[in-house]
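Following: one structure in structure tokens, then a few remarks.
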Amino acid sequence: MFVLVNLKTYPCDPVEVAKAAKDVSDESGVRIGVAAQDADIARVADTGVETWAQHVDSIEYGSNTGHTLAETVADAGAVGTLINHSENRLKLADIDGSVEAAERAGLETCVCANNPAQIGAVTALGPDSVAVEPPELIGGDVSVATGDPDIVTDAVEAAEAVDEDVEVYCGAGISTGDDVESAGELGATGVLLASGVAKADDPRAALEDLVEPLA
Ligand SMILES: O=C(CO)COP(=O)(O)O
């Protein structure tokens, strides 16, 4: 299982979380990534943790004020990027362009979607992975794996029907090792989570608990 921690714009210390994620990944052997804000990517990557961007735009070098260029986040140390997160939704054409931009820059791609039908649509764009995250469960205490297990199994089925090579992750409300284990049992090969680590009093302990069943 891949554990991708999305720091969003939470007021946590990104370097502290990144160092903890790097250590816990090294100790457990579980792949852990940290998706940081653009301005934090370089110092997060300096910790040695697998570093992701939270978004890249469907643009090339040039006159694009205020946008995120895939090459720039890659140069800063990101190796992957989220696209179309529920909090930064794009039109299908822009998702397609962002996937293309990320691939051009050598970034791994994870396209998020709200439901299995959207998962099928974005899988057709050929990203490395897709992630189903029901918006109503994001930021809450109920894990998608227990609160809406069918959405995970249906998303896995929808993606497989389009392209068996695209990994399927799930997210929303995941905060414990049990949640990660349940997500795996439903067919997900990774989880996206945010508040369970970014808002934890002790992010390192939260990460240790998350990977405990996997180590
Ligand atoms: O949006 C998410 C990850 O990208 C999920 O957020 P929570 O883990 O806070 O529910």
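For ligands, and for the atoms within them, numbers begin at 1 and follow the listed sequence.
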Checking the side chain of [X] only, and the main-chain atoms of [Y] only, is there a donor and an acceptor separated by less than 3.5 Å?
{"X": "Asn84", "Y": "Leu90", "answer": "yes"}
{"X": "Asp179", "Y": "Ser175", "answer": "yes"}
{"X": "Thr109", "Y": "Asp128", "answer": "yes"}

_Check the orientation of Phe2 and Trp52. Use parallel for under 30°, tilted for 30 to 60°, and perpendicular for over 60°._
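Rings of Phe2 and Trp52: tilted, as their planes differ by 30° to 60°.
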Look only at interatomic distance and state if [X] has a nitrogen or oxygen under 3.5 Å from any nitrogen or oxygen of ligand 1.
{"X": "Leu82", "result": "no"}
{"X": "Ile174", "result": "no"}
{"X": "Gly139", "result": "yes"}

Identity and separation of the nearest protein heavy atom to [atom]:
{"atom": "atom 8 (O) of ligand 1", "answer": "Ala194 N, 2.8 Å"}
{"atom": "atom 9 (O) of ligand 1", "answer": "Ser195 OG, 2.4 Å"}
{"atom": "atom 6 (O) of ligand 1", "answer": "Lys8 NZ, 3.3 Å"}

*Contact atoms of ligand 1, heavy-atom distance to Ile138 under 4.0 Å*: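 Heavy-atom distances to Ile138 below 4.0 Å select 1 (O), 6 (O), 10 (O).
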Examine ligand 1 and decide if any of its atoms is less than 4.0 Å from a heavy atom belonging to [X].
{"X": "Ala172", "answer": "yes"}
{"X": "Gly196", "answer": "no"}
{"X": "Lys199", "answer": "no"}

*What's the shortest heavy-atom distance between Ile59 and His67, and which atoms?*
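So the minimum-distance heavy-atom pair works out to CD1-CB, 3.5 Å.
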Taking NZ, NE, NH1 and NH2 as the nitrogens, is one of them in [X] or [Y] under 4.0 Å from a carboxylate oxygen of the other?
{"X": "Arg104", "Y": "Glu71", "result": "yes"}
{"X": "Lys19", "Y": "Asp23", "result": "no"}
{"X": "Arg31", "Y": "Glu108", "result": "yes"}

*Side chain, backbone, both or neither: which part of Asn6 has a heavy atom under 4.0 Å from ligand 1?*
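Side chain only; the backbone of Asn6 stays clear of ligand 1.
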*Proximal candidate to atom 5 (C) of ligand 1 [heavy atom criterion; set Glu133, Glu87, His85, Gln54]*: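 Selected option, by shortest heavy-atom distance: Glu133.
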